[in-house]
Peer 1: 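Once you've had a glance at the structure underneath, I'll fire off some questions.
If you're wondering where the values come from, they're calculated on a predicted model, not measured in any experiment.
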Amino acid sequence: MMQCLHFLVEPAKTFAFHVKESRNKAKDERAEPLVESQVFIMELAKDLHRVCQRSDVLEHIWTCEDVWPATVCQAFIIDCAALLDGKVAGRLEGGDQSGPRLDSQETGGGHEEDPAKLAILEWTRKLKKLPEDSLWPGQAVVEILDDIAINWQKGCVPSLQPAVELLLWATLTEGLDKEAIPQKWLVWKQRIKNIDAIPYIPQKVWNWIREAAVEVTLDAETANPDLVLSPDERKMRCGFERQDLVNHPHRFDGWWCALGMEGFSAGRRYWEVEVGDRDWRLGVAKASAFRKGFKSLNTASGYLTLRLERGSEMKALTVPFTALAPTLGNPQRVGVYLDYEKGQLSFYDAKNRSHIYTYNETFSEELYPLFGTVEIINDMVIWSPGAPEPRCPGICVWG
């Protein structure tokens, strides 16, 4: 029984520790005099709250209960201005084109966020002309705001930045489908920040991701001869002896990998994998990717993968590789989400509902799920959508 509790509680304890660290840093920020970029964010939150209905959660920002680090504010200002530049055309237009400006003395001079602040100020000047509480952000956004507010109070959400971003999107999609705002926000976040973009994925967004869940099974004809597959082709581990198998051109004979049976060339797809704690890799392989020998399975060779090495070094196999911060931890279950049309392959800690990494590129050929492990005792397990959790951890006995 204690083993079961340990299996369920430990991932949550680790996640809570990292969030607590982040919240403590925010408290430290409050003790310091606010810099201009932080005051700028507070004023932006006020402007959004005045216009948007059901946006009371933003009050925690300008009352200094939720103070973002200055570096986060600066990055947000630049990203926000870029979003406005792409979306504001045709919206909130008209009227006097003059307005407040920040000169070099006010902004500190020479900083990259200076022109970004000017763009945001120009936009907020027009926003202020709208009547109070005149904008309904949409039911989907309202539900997510409630989710964020509750979990921020619990310490599960490090800051209210997602609330500001969602309401910003709501003002830029007036007259369009507001129920699609959370999806648009997710794609945008994973494009502007491909590492740890969303420390807490709201439940409604997570449900939408998992709606794309598909049944994935292993293709035995691609599996390295050192791998042992379960009869249902959903589990695999390294065996003690190399099997005598036909060396198909599409079979891995170097790295201990196997592909999924079905490739994808359109739509959204999601699958989850229980991984080991030593060395594993997950992702997709392009149909044309070479599978023989020990050539690096990275973006240059047609692979988009995430890998854990030596039980502690998680990295995205770009060229050169992208090391991921230890604060992301070692996820026990990884969610893999493919949005083919948007050109995104994302990885999540499925236990904590947090983002790990996203590849952004244009896909032009069929993509096959990729699995790799060096475990000889514990299985790598592909989970079916809606499958029940295991009652206890330990060695899986097939059959």
Side-chain angles (χ1 to χ4, degrees), residues 26 30 34-68 72-73 76-102 106-107 113 116-153 157 159-185 188-189 202 204-205:
R30 297 176 206 167
L34 297 176
V35 300
E36 190 199 359
S37 61
Q38 293 171 318
V39 176
F40 192 91
I41 295 300
M42 292 178 181
E43 293 301 318
L44 176 61
K46 283 184 181 179
D47 290 333
L48 287 170
H49 174 257
R50 189 191 69 82
V51 173
C52 297
Q53 301 172 33
R54 300 286 296 273
S55 60
D56 288 347
V57 65
L58 299 188
E59 292 182 12
H60 298 294
I61 296 176
W62 72 77
T63 56
C64 294
E65 296 172 76
D66 180 44
V67 179
W68 309 352
V72 173
C73 292
F76 175 83
I77 289 168
I78 293 169
D79 292 336
C80 176
L83 176 64
L84 290 172
D85 185 53
K87 295 290 183 180
V88 79
R91 319 222 48 88
L92 299 173
E93 292 187 346
D96 183 18
Q97 294 302 309
S98 64
R101 290 289 187 271
L102 292 179
E106 289 175 316
T107 59
E113 71 267 19
K117 287 177 180 176
L118 294 175
I120 296 171
L121 284 171
E122 180 70 15
W123 175 75
T124 56
R125 182 187 59 77
K126 297 172 183 177
L127 191 69
K128 287 175 181 177
K129 294 181 179 179
L130 296 180
E132 187 174 340
D133 290 332
S134 61
L135 195 150
W136 170 245
Q139 186 60 34
V141 171
V142 167
E143 291 178 19
I144 293 174
L145 293 178
D146 291 341
D147 181 347
I148 291 171
I150 292 170
N151 284 284
W152 179 80
Q153 294 284 3
V157 180
S159 83
L160 296 175
Q161 181 176 341
V164 177
E165 293 168 344
L166 285 162
L167 287 169
L168 183 65
W169 269 94
T171 65
L172 298 175
T173 54
E174 189 176 3
L176 303 178
D177 181 11
K178 292 189 180 298
E179 295 307 301
I181 290 175
Q183 294 93 298
K184 294 178 182 294
W185 169 74
W188 172 71
K189 282 292 289 184
K204 193 172 187 67
V205 178

Peer 1: Sub-3.5 Å donor-acceptor pair from the side chain of D66 to the main-chain atoms of L160, do we have one?
Peer 2: yes
Peer 1: Before you tell me yes or no, could you show the steps for M42 and L34 under side-chain contact (heavy atoms from CB on, under 4.5 Å), namely the whole-Å CA-CA distance, both residues' side-chain angles and the distance that decides it to 0.1 Å?
Peer 2: CA-CA 10 Å; M42 292 178 181; L34 297 176; 3.3 Å; yes
Peer 1: First locate atom CG of D79, then atom CD of Q161, and finally report the distance between them rounded to the nearest 0.5 Å.
Peer 2: 8.0 Å
Peer 1: Could you tell me whether a side-chain N or O of Q38 sits under 3.5 Å from a main-chain N or O of W68, the two making a donor and an acceptor?
Peer 2: yes
Peer 1: So, using ring-ring contact (aromatic ring centres under 6.0 Å, His included) as the criterion, who are the partners of W62 when residues are at least two apart?
Peer 2: H49
Peer 1: Under the side-chain contact (heavy atoms from CB on, under 4.5 Å) rule, what do L168 and C80 come out as? Steps first, then yes or no, please.
Peer 2: CA-CA 8 Å; L168 183 65; C80 176; 3.4 Å; yes
Peer 1: Quick check for you: to the nearest 0.5 Å, what is the distance between K128 atom NZ and K46 atom NZ?
Peer 2: 10.0 Å
Peer 1: Could you tell me which residues satisfy salt bridge (Lys or Arg N to Asp or Glu O under 4.0 Å) with D146, sequence neighbours excluded, listed by chain and number?
Peer 2: R54
Peer 1: L127 versus L48: any side-chain heavy-atom pair under 4.5 Å?
Peer 2: yes
Peer 1: State, to 0.1 Å, how close P137 and L135 come at their nearest heavy-atom pair, and which atoms those are.
Peer 2: CD-O, 3.5 Å
Peer 1: Spell out, as yes or no, whether a donor-acceptor pair under 3.5 Å connects the side chain of K178 to the backbone of A140.
Peer 2: no
Peer 1: Once you round to the nearest 0.5 Å, how far does CG of L121 lie from CD of E43?
Peer 2: 10.0 Å
Peer 1: Less than 4.5 Å apart, side chain to side chain, heavy atoms only: is that true for I77 and I41?
Peer 2: yes
Peer 1: Nearest 0.5 Å, what's the OG-CZ distance between S134 and R50?
Peer 2: 7.0 Å
Peer 1: Verify, without hydrogens or angle tests, whether Q53 (side chain) and D133 (backbone) share a donor-acceptor contact under 3.5 angstrom.
Peer 2: yes
Peer 1: What's the shortest heavy-atom distance between L166 and P182, and which atoms?
Peer 2: CD2-CA, 4.3 Å
Peer 1: Does the E179 side chain pair with the main chain of Q139, one donor and one acceptor, at a distance under 3.5 Å?
Peer 2: yes
Peer 1: For residues I181 and A170, report the shortest heavy-atom separation together with the two atoms involved.
Peer 2: CD1-CA, 3.6 Å
Peer 1: I'd like to check T171 versus L167 (side-chain heavy atoms, cut-off strictly below 4.5 Å). Are they in contact?
Peer 2: no
Peer 1: Between D147 and K204, is any pair of side-chain heavy atoms under 4.5 Å apart?
Peer 2: no
Peer 1: Relative to each other, are the rings of W188 and W169 parallel, tilted or perpendicular (30° and 60° limits)?
Peer 2: perpendicular
Peer 1: Please name the pair of heavy atoms, one in A45 and one in L58, separated by the smallest distance, quoted to 0.1 Å.
Peer 2: O-CD1, 3.5 Å
Peer 1: Measuring only between side-chain heavy atoms, which start at C-beta, is I144 closer than 4.5 Å to W185?
Peer 2: no
Peer 1: Side chains of V57 and W152, heavy atoms from C-beta outward: is any pair under 4.5 Å?
Peer 2: no
Peer 1: Name all residues meeting the side-chain hydrogen bond (donor to acceptor under 3.5 Å, both in side chains) criterion together with D47; count only those two or more places apart in sequence or in a different chain, and write none if there are none.
Peer 2: none
